[in-house]
Amino acid sequence: MQVKSRKKIPIELGIFLIFLVIFMFRFIQVTLEKNVIGNLSYVQLLNKGMPLIEATYYDKDAYVESNVTIKSLALEALNIKSFHPIDIVLNEVPYFDALSRISTVEKPGYINKISDIVSFSLNDQSIDMKEQTQVATTDTSSGVYDSSLKKELDQSVPEVLIYHTHTAEGYSINDTTDENLNVVGVGDTLAKELEENYGISVIHDKTMHSISYNDSYKRSRETVQSYLAKYGNFKLIIDLHRDAVSESSKSAVTTNINGEDLARFMFVVTKNNPNYDASVSLATRLTEKSEELFPGLWRGKLMTYNRGSNYFNQDLSANSLLVEIGANCNTPQESNNTARYLARLIAEELNR
């Protein structure tokens, strides 16, 4: 009786299967570390599995600043964070990588789980109208400040509203609730500069709007509407964000003025906004003044989308702008430096 021998699995297939298992294990590990719940990669995975949800609910413009995608997770799982040659050298030659990290310190406040984020609420603790702490004041002898723009502060009539749709966006880190490292801290600097150096009364709202990324604009819209109902219109409403770019693109979002490094800024508008023309006009005046006073600080483009999520709330006021100060690869210091320059530009617009 002849016994048939079982077919052997080709060695190539075996290697591929082993590689696939290792890759999937690593992919899951990276995904858990990134806490992707509510972020773009998470939504992409859901959309692939449930196309009906994508067709009826997915709003891609809500994720314009998200740099955590399925592609980025897959590349990191393969230990490839960028195809830029410098990044590859840093990754493959430990000596150079060590040199690049000498100044790197542990950054507290990283969001490890969704429960670390305080649920959405609008209350007195969310608002900072006057007292700002741990924010350096502008050196009035520097090239940033202009004393002729200062007026007497009247806090009974708020002129500027600052808020953050993506409240946890961090600098030198992805997402964090630590205000020393995220856009809220930059908002603190901007508010303090406007009040102390230019007499412009500010409401700085710190409500956590991005506990669910896809609902961020819905939540921040409620915040803006509540302030408009209470105070009427503001002379300027700023939704302060930071951009998301690769580490190799840092030179494109960084400049040096008056001997200090600054994160470059840009404005974002959307064509489906009923106040589109007014938004463009306001952004143009500010960027032209920026080019006149601080060449290179503006990124040189007005980022325009055909359709913005909830109009980026810019339909609520003709004086509303979304500003991106720097990007994830900029440092908190670079971004806070920029806030001082932006305060000067705002004073040029409001106090002339």
Side-chain angles (χ1 to χ4, degrees), residues 64-65 122 126-129 132 135 157-167 169 171 179 182-198 200-207 209-210 216-217 219-228 231-243 263-270 273 275-276 278-287 289-290 297-299 302-303 308-327 335-351:
V64 295
E65 296 157 290
L122 181 60
S126 299
I127 307 169
D128 191 348
M129 287 190 65
Q132 313 282 344
V135 180
V157 184
E159 297 179 79
V160 175
L161 170 63
I162 301 171
Y163 70 101
H164 312 274
T165 294
H166 297 150
T167 319
E169 287 181 329
Y171 294 99
E179 294 180 6
N182 67 17
V183 291
V184 175
V186 177
D188 273 344
T189 300
L190 180 58
K192 184 179 178 69
E193 290 290 313
L194 289 172
E195 291 202 337
E196 292 192 354
N197 287 333
Y198 301 107
I200 297 173
S201 181
V202 180
I203 291 177
H204 180 204
D205 183 90
K206 302 181 180 184
T207 303
H209 297 116
S210 50
S216 297
Y217 281 101
R219 292 175 180 273
S220 65
R221 188 176 187 84
E222 295 172 5
T223 294
V224 176
Q225 288 174 324
S226 70
Y227 285 119
L228 290 174
Y231 296 103
N233 203 4
F234 293 81
K235 291 183 179 179
L236 183 62
I237 299 176
I238 296 176
D239 187 4
L240 200 162
H241 296 238
R242 63 101 171 109
D243 201 1
R264 302 177 72 193
F265 78 91
M266 70 176 177
F267 294 115
V268 179
V269 295
T270 174
N273 166 28
N275 294 318
Y276 172 70
S279 296
V280 171
S281 178
L282 175 58
T284 300
R285 292 196 302 273
L286 289 168
T287 53
K289 180 59 68 173
S290 180
L297 180 59
W298 175 47
R299 286 173 64 178
L302 179 62
M303 182 61 71
S309 178
N310 275 359
Y311 309 104
F312 297 146
N313 299 331
Q314 292 170 10
D315 62 309
L316 299 178
S317 170
N319 303 325
S320 180
L321 283 176
L322 190 159
V323 59
E324 305 261 13
I325 294 184
S335 305
N336 278 288
N337 289 343
T338 300
R340 297 189 287 107
Y341 286 73
L342 183 60
R344 165 70 183 277
L345 299 177
I346 293 171
E348 292 277 352
E349 172 70 18
L350 301 186
N351 286 2

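- Side-chain polar atoms of H241 and D243 form no donor-acceptor pair below 3.5 angstrom.
- A donor-acceptor contact under 3.5 angstrom links the side chains of D188 and H204, judged on distance only.
- A side-chain donor from one of S220 and N313 sits under 3.5 Å from a side-chain acceptor of the other.
- With salt bridges taken as basic N to acidic carboxylate O contacts below 4.0 Å, one links R285 and E349.
- Checked against side-chain contact (heavy atoms from CB on, under 4.5 Å), Q314 has the following partners two or more places apart in sequence or in another chain: V269, T270, N273, S279, F312, S320, L322.
- Taking the side-chain hydrogen bond (donor to acceptor under 3.5 Å, both in side chains) definition, one finds that Y341 meets it with N258, E260, sequence neighbours left out.
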Stepwise side chain to side chain donor-acceptor pair (under 3.5 Å) test for N182 and Y171:
CA-CA 6 Å; N182 67 17; Y171 294 99; over 6 Å; no
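- The two residues L316 and L228 make their nearest non-hydrogen contact at O-CD1, 3.7 Å.
- The existence of a salt bridge linking E193 and R344 is excluded, since no basic side-chain nitrogen approaches an acidic carboxylate oxygen closer than 4.0 Å.
- For the atom pair CG (L297) and CD1 (I325), the distance works out to 9.0 Å, reported to the nearest 0.5 Å.
- The backbone N or O of D315 lies less than 3.5 Å from a partner atom in the side chain of N275, making a donor-acceptor pair.
- With sequence neighbours excluded, no residue forms a salt bridge (Lys or Arg N to Asp or Glu O under 4.0 Å) with R264.
- Classification of the Y227-Y231 ring pair by plane angle, with boundaries at 30° and 60°, yields parallel.
- Taking the side-chain hydrogen bond (donor to acceptor under 3.5 Å, both in side chains) definition, one finds that Q225 meets it with nothing, sequence neighbours left out.
- Side-chain atoms of T167 come within 3.5 Å of backbone N or O of T207 as a donor-acceptor pair.
- Using a distance-only test at 3.5 Å, with no hydrogens or angles considered, no donor-acceptor pair links the side chain of T189 to the main chain of A339.
- Annotation: side-chain hydrogen bond (donor to acceptor under 3.5 Å, both in side chains) contacts of N319 (sequence neighbours excluded): none.
- For T287 (side chain) and A283 (main-chain N/O), a donor-acceptor pair under 3.5 Å exists by modelled atom type.
- In this structure a side-chain-to-backbone donor-acceptor pair under 3.5 Å is present from N351 to Y198.
- No donor-acceptor distance shorter than 3.5 angstrom exists from the side chain of E348 to the backbone of K289, with no hydrogens or angles considered.
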Where do M266 and V323 land on the side chain to side chain contact (heavy atoms under 4.5 Å, CB included) test, with the steps shown first?
CA-CA 6 Å; M266 70 176 177; V323 59; over 6 Å; no
Could you check T223 against R219 for side chain to side chain donor-acceptor pair (under 3.5 Å), going step by step and ending with a plain yes or no?
CA-CA 7 Å; T223 294; R219 292 175 180 273; over 6 Å; no
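- Within the 3.5 Å criterion, the main-chain N or O of Y217 finds no donor-acceptor partner in the side chain of H209.
- Around OH of Y311, the count of heavy atoms belonging to other residues, nucleotides or ligands within 6.0 Å does not exceed 12.
- With sequence neighbours excluded, the residues satisfying side-chain contact (heavy atoms from CB on, under 4.5 Å) with K235 are K151, E159, L350.
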